[in-house]
Every structure is written in structure tokens, then in C-alpha cells.
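Note that ligands are numbered from 1 as they come in the structure, with each ligand's atoms numbered from 1 the same way. What you see is a predicted model; the values in this text were computed from it and never measured.
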Amino acid sequence: MDGRTLLDFLALAEKMKCHTRHSWTSSGRKESVAEHTYRMMVFAWLVKDEFPEYDMDRVMKLCLFHDLGEAVTGDIPAFEKTASDEDREERTLVMIAEKLPEPYREELKEIFREVVEKRTKESKLTQALDKLEAVIQHNEAPIETWLPLEYDLQFTYGSEQVKGIPYMQMLKEMVNRDTRDKIAGEKARIEAEMRDKKFGYNIVLIGFMGTGKSTVSEYLSTMYNMETVEMDQVIAEREGMSISEIFSAHGEEYFRNLETSLLAELQSRKDLIISCGGGAALRECNVAEMKKNGKVVLLTARPETVYDRVKESSDRPNLHGRKTVEGIAQLMEQRRAKYEAAADVVVQTDGKTVPQICKELVNKIKEMEEE
Ligand SMILES: Nc1ncnc2c1ncn2[C@@H]1O[C@H](COP(=O)(O)OP(=O)(O)OP(=O)(O)O)[C@@H](O)[C@H]1O
Ligand SMILES: O=C(O)C1=C[C@@H](O)[C@@H](O)[C@H](O)C1
Ligand SMILES: [Mg+2]
């Protein structure tokens, strides 16, 4: 092969080391796509005696190249992947193979075709190895790196692909037991931490739209066994319409008055996590209600992060007409002083996972109590 062509292809393969996946290593850093591929191959080699009727050299080759498209596209987590991402990946594979001379080109195209079509028993085994390696990696990673949805996904991920392959099915069940133990361990740790302590007051989450108030409150409620009140949702349910419909039918002032009365009503209760609407902390009288029986936690995020998180949703009327990074930055700046004045504790959320945010939040509240 011409030396330059070879070096260019190696440069493309190097990108497999640069692109990270949505998984963390046991040492707590994100793993690269190449690292996932490497361990799938070790996995394939280890199981070869279990599959005497399979062409295991072929399986090794399918593993070796199954993610090569990601050298160009990067990794897209399974729970975010769309049909158009898959189309793009397939087109990318053809483009990659075209970079090589014959007979390598045709061989690589054949490998890609087999991986994509998933018809042969070797490609089905490759798929099962792929999914199971990812689930094992999650079990090895610190549990703080898991997204809330991964607590369920761990059990279902790969279960389709191992069907009909008894040895892989047996391994999947074993790995599921490890997952169960890991989750139980984390729950026990948190329960022990919380055993002699309920907060004894409400935790009130405030902050700009999309800073993660609802997401954080959902996670806190499952991990700490606390009840949540999602203010927007309670108001929407009581009014029998969405927040956008309330704004257009009655105006923002009407909605804000409902927020004020709901906050006042909640003061008779404790040990709640109250996830406020993004504008609830803007009225001073609301903040006074929050503080009667609660600690106010401000979640923050950069405008770029907020934009990324809210760009697909349409039920935030105060973002209509300003759903751009600049529009968000402007409104955030107008509100910043009020949010900061209301906060007992501030947690910055950019680039952090939900469990990391929750851990920091609880630690900061504890530190505040000790002061
Ligand atoms: N730490 C995070 N990392 C990644 N995505 C996140 C994080 N926190 C929240 N998200 C995502 O951002 C989006 C907005 O989050 P969420 O609805 O919790 O924000 P909010 O503060 O409650 O907004 P609002 O004020 O409009 O109610 C959701 O899709 C959620 O999954
Ligand atoms: O920040 C805001 O002004 C709002 C945020 C949402 O949570 C809703 O409470 C409503 O859309 C207003
Ligand atoms: Mg919310």
C-alpha cells in the first residue's frame, strides 16, 4: 500500500482514541471509542471456546471495525441516536472504506456491510458483545457518572441482542446481578448517611429555565426518599391547562399569583423538594415564603448549556422569540441579581452529571448547617 494512504488511514483510526463515549472508566474518566473496541476484542477472544461453530476470526474483525464510523461522527449515546444519525453513520462507513486501495477497500466494505445488516451469526454475536461490554463498563464506573435513566437502561440494554445466544444470555444475567448489587450498595450508602437525619425543612430549587431544577429534584427524591413538588406541574394540573395555555388565557401576572399562593400553601409542610418554575424567585414575597420553612438552592448554567437543554421543548412561554444563546443570556442577566439574592446555596451545573450535582448540593447544605 502506498505509504501516504496508509499513514492517512492510521490518522483517521487515531480519532478513535480522541472521541469519548458516554461511559466512564473505573478510574473516573470518560473512555474513548478505541478503548471500548479494544475490550470487545478481548471479550471476543475469551469466549471463542463457547462458539465452536462460529468463525471467531471474523467476529474479531467485526469487533475491530464495528465503530470505525465514529472516528468521523463521534459517539452518539444509544438513548439519543435517531434514524438520521444511523443513516449518516452508514454513509460515513462507505466514505471511510473508499480511502483504501483494493483489496482492503472491498474487505472493509464487506465487514461494514455485515455489521450494519446484522444477519450472520457472527454479526449478531458482535452486537451482543458490544452491548454487554458497555453495560459491564457502566458497572465498573463510579455510580455518580450514571444518568438517572441508566438505572433502568442497564437492565434492558443488550437484552434483545443476547436473545438466542445462551452463553451471552447467561453472562447478561450475571451482569444484571452486578448492576442490582451496585444500585443496592449506593442506596444503602445514602440511607446510612441519611438514617439519623431528615432535613427537617424544605429544599427549594430555583434558577433559570433549563438549569435542571426538575431533573435534580427527581433524582434527589428517589435517592433520598423525599417527596417532590413540581410547582409548574401542580399549577398546570389545578388549572387544567399547560403553562403556555395559562399564559395566553390569563396572562403572566395571573400565573405569578398562582405561584405565590402555592408557595404559601407549602409552608405548612417539611422535607419536601420544591422544584420552582424558573420565574418563581423573581418576586420578593415568594422568596420570603420559601425561606420560612426551607433552604433555597440556586442552580446555574451557562446560556450555551441552557440553550442546548431547552432547544427542543416548546412549553416555556418566556423563551418564545428568544430561544437563542443571546436571547437566553440577556434574560438570564436581567434575572441574575434576583436569583443570587434569594439563594442560600449556589450549585453550578455545567458539565456535571445529575448525581454529581446532587452530591454537591447536599454537601453544601450540610456545610451551611454546620456553620
Ligand atoms: N446536569 C445535566 N446534564 C445534562 N442534561 C441535563 C442536566 N440537568 C438537566 N438536564 C436536561 O436539561 C433539560 C431541562 O432540565 P429541567 O427540565 O430539569 O430544567 P428546569 O430547571 O426544571 O427548567 P424549567 O425552569 O423550565 O422548569 C432536560 O431535558 C434535562 O434532561
Ligand atoms: O422562567 C420563567 O419565567 C418560567 C419558567 C417555567 O418553569 C414556568 O414556570 C413558566 O414558563 C415561567
Ligand atoms: Mg422544571
Looking at Gly278, which atoms of ligand 1 are within less than 4.0 Å of one of its heavy atoms?
-> 25 (O)
Find all atoms of ligand 1 within a distance of less than 4.0 Å from any non-hydrogen atom belonging to Ile357, and give their numbers and elements.
-> 1 (N)
Identify which protein N/O/S atoms are less than 2.8 Å from the Mg ion (ligand 3).
-> Ser214 OG
Which ligand 1 atoms does Lys213 reach within 4.0 Å, using its non-hydrogen atoms?
-> 18 (O), 19 (O), 20 (P), 21 (O), 22 (O), 23 (O), 24 (P), 25 (O)
Name the orientation class of the two ring planes belonging to Phe247 and Phe255 (parallel below 30°, tilted from 30 to 60°, perpendicular beyond 60°).
-> tilted
Please verify whether a non-hydrogen atom of Gly210 lies at under 4.0 Å from ligand 1.
-> yes
May I ask whether Ile365 and Ile206 are part of the same hydrophobic cluster, defined by side-chain heavy atoms of I, L, V, M, F, W, Y residues being less than 4.5 angstrom apart, directly or through others?
-> no
Heavy-atom contacts with Lys352 under 4.0 Å: which atoms of ligand 1 show up? List them by number with element.
-> 1 (N), 2 (C), 3 (N)
Could you list each N/O atom of ligand 2 together with any protein N/O atom closer than 3.5 Å, one pair per line with the distance?
| unit_1 | atom_1 | unit_2 | atom_2 | d |
| --- | --- | --- | --- | --- |
| ligand 2 | 1 (O) | Gly279 | N | 3.2 |
| ligand 2 | 1 (O) | Arg335 | NH1 | 2.7 |
| ligand 2 | 1 (O) | Arg335 | NH2 | 3.4 |
| ligand 2 | 3 (O) | Arg256 | NH2 | 2.8 |
| ligand 2 | 3 (O) | Asn318 | ND2 | 2.7 |
| ligand 2 | 3 (O) | Arg335 | NH2 | 2.7 |
| ligand 2 | 7 (O) | Asp232 | OD2 | 2.5 |
| ligand 2 | 7 (O) | Gly278 | N | 3.0 |
| ligand 2 | 9 (O) | Asp232 | OD1 | 2.6 |
| ligand 2 | 9 (O) | Asp232 | OD2 | 3.3 |

Side chain to side chain contact (heavy atoms under 4.5 Å, CB included) assessment of Val297 paired with Val204 | CA-CA 6 Å; Val297 178; Val204 187; over 6 Å; no
Best match, Asp350, Val354, Leu149, Thr215: closest heavy atom to atom 15 (O) of ligand 1 = Thr215
Using distance alone, with no hydrogens and no angle criterion, decide if Tyr201 and Glu369 have a side-chain donor and acceptor under 3.5 Å apart.
-> yes
Stacked cation flag Lys121 on Tyr54, 6.0 angstrom / 45 deg | yes
Is the ring centre of His22 less than 6.0 Å from the ring centre of His36?
-> no
With side chain to side chain donor-acceptor pair (under 3.5 Å) as the test, would you mind laying out the steps for Arg21 and Ser32 before giving the verdict?
-> CA-CA 6 Å; Arg21 283 166 55 81; Ser32 68; over 6 Å; no
Using heavy-atom distances, let me know which of Met231, Arg309, Glu218 sits nearest atom 6 (C) of ligand 1.
-> Arg309
